Amino acid sequence: MTLHHSPRIGVLAIQGDYAAHAAALSEAGAEPVEVRLPRQLGSLDGIILPGGESTTILRFLEKDNFFASLREFCLKKPVFGTCAGSILLAREVRNPAQQSLAALDCVAERNAYGRQIDSSIVTVEAALPGGPLEMVFIRAPRLVELGPTVEVLARRDNDPVLVRQGTVLAATFHPELSADRRIHKYFVESVVSA
Ligand code: GLN
């Protein structure tokens with residue numbers, strides 16, 4: 001199905017850097033919608049779960065059955081989780097264990113990098129045209145135990161940092177904090193062709 005309008009893509013706007021994601025989505029040709037209530041999900045073609053503090057985001061999702069509605073949405077429509085958002089999407093979370101949407105077949109280890117590379121900016125090769133990508137890592141998780149249908153689009157050293165499983169996309173870094181819009185465009189294209 002092709003959309004006859006620019007795709008309406010939600011950004012979970014509970015906590016974290018959702019405004020930067022909304023701006024990035026506009027630049028990538030989508031109509032961003034700040035999502036704070038589960039009933040807003042109905043009008044969306046896709047959603048971004050931004051970085052922030054996954055525990056804090058989870059606490060807000062406890063209200064009004066938001067968690068269950070979001071989980072249902074993620075199984076039907078494209079979703080892109082960045083940093084804390086990727087933790088929310090994982091099948092299992094460690095360090096410590098917490099609830100997750102289980103939409104992405106991997107385990108997320110929170111705050112997996114030692115103090116020295118806790119937060120860093122690196123430029124690495126990715127499976128997107130246009131050359132290496134800048135990646136901003138802030139207290140990033142490590143994605144491990146990837147299922148067989150999870151495709152790795154980029155690695156930092158040996159760790160997968162940009163992955164995709166069907167209509168689920170996840171980055172352990174913050175693409176909204178770089179000027180390069182290729183990743184948001186890639187997500188918007190996947191929403192349009194979903
Ligand atoms: N460390 C955060 C968490 O565990 C994620 C950090 C981020 O989103 N920048 O939820």
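None of these values were measured; they are calculated from a predicted model. We count ligands from 1, going down the list as the structure has it; atoms in each ligand are counted the same way.
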Which residues pass the side-chain contact (heavy atoms from CB on, under 4.5 Å) test with Thr123, sequence neighbours left out? Pro132, Glu134
Taking side chain to side chain donor-acceptor pair (under 3.5 Å) as the definition, give me every residue that meets it alongside Arg155, ordered by chain and number, with sequence neighbours left out.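 Counting only residues at least two positions away or on another chain, Arg155 forms no side chain to side chain donor-acceptor pair (under 3.5 Å).
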Of all residues at least two apart in sequence or in a different chain, which pass the salt bridge (charged side-chain N to carboxylate O under 4.0 Å, His left out) check with Glu151?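 In terms of salt bridge (charged side-chain N to carboxylate O under 4.0 Å, His left out), with neighbours along the sequence ignored, Glu151 is linked to no residue.
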Side chains of Arg156 and Tyr113: any donor to acceptor distance under 3.5 Å?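 Short answer, no.
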Will you find, in the side chains of Thr149 and Gln165, an N or O donor that is under 3.5 Å from an N or O acceptor? yes
Backbone N/O of Glu109 and side chain of Asn95: donor-acceptor pair under 3.5 Å: no
List, for ligand 1, each N/O atom that has a protein N/O partner under 3.5 Å away, with both atom names and the distance.
| residue | atom | partner | partner atom | Å |
| --- | --- | --- | --- | --- |
| ligand 1 | 1 (N) | Asn111 | OD1 | 2.7 |
| ligand 1 | 1 (N) | Arg139 | O | 3.1 |
| ligand 1 | 4 (O) | Arg110 | NE | 2.6 |
| ligand 1 | 4 (O) | Arg110 | NH2 | 3.0 |
| ligand 1 | 8 (O) | Gly52 | N | 2.9 |
| ligand 1 | 8 (O) | Gly52 | O | 3.0 |
| ligand 1 | 8 (O) | Ala84 | N | 3.0 |
| ligand 1 | 9 (N) | Ile138 | O | 2.9 |
| ligand 1 | 9 (N) | His174 | NE2 | 2.8 |
| ligand 1 | 10 (O) | Ser54 | N | 2.8 |
| ligand 1 | 10 (O) | Ser54 | OG | 2.6 |

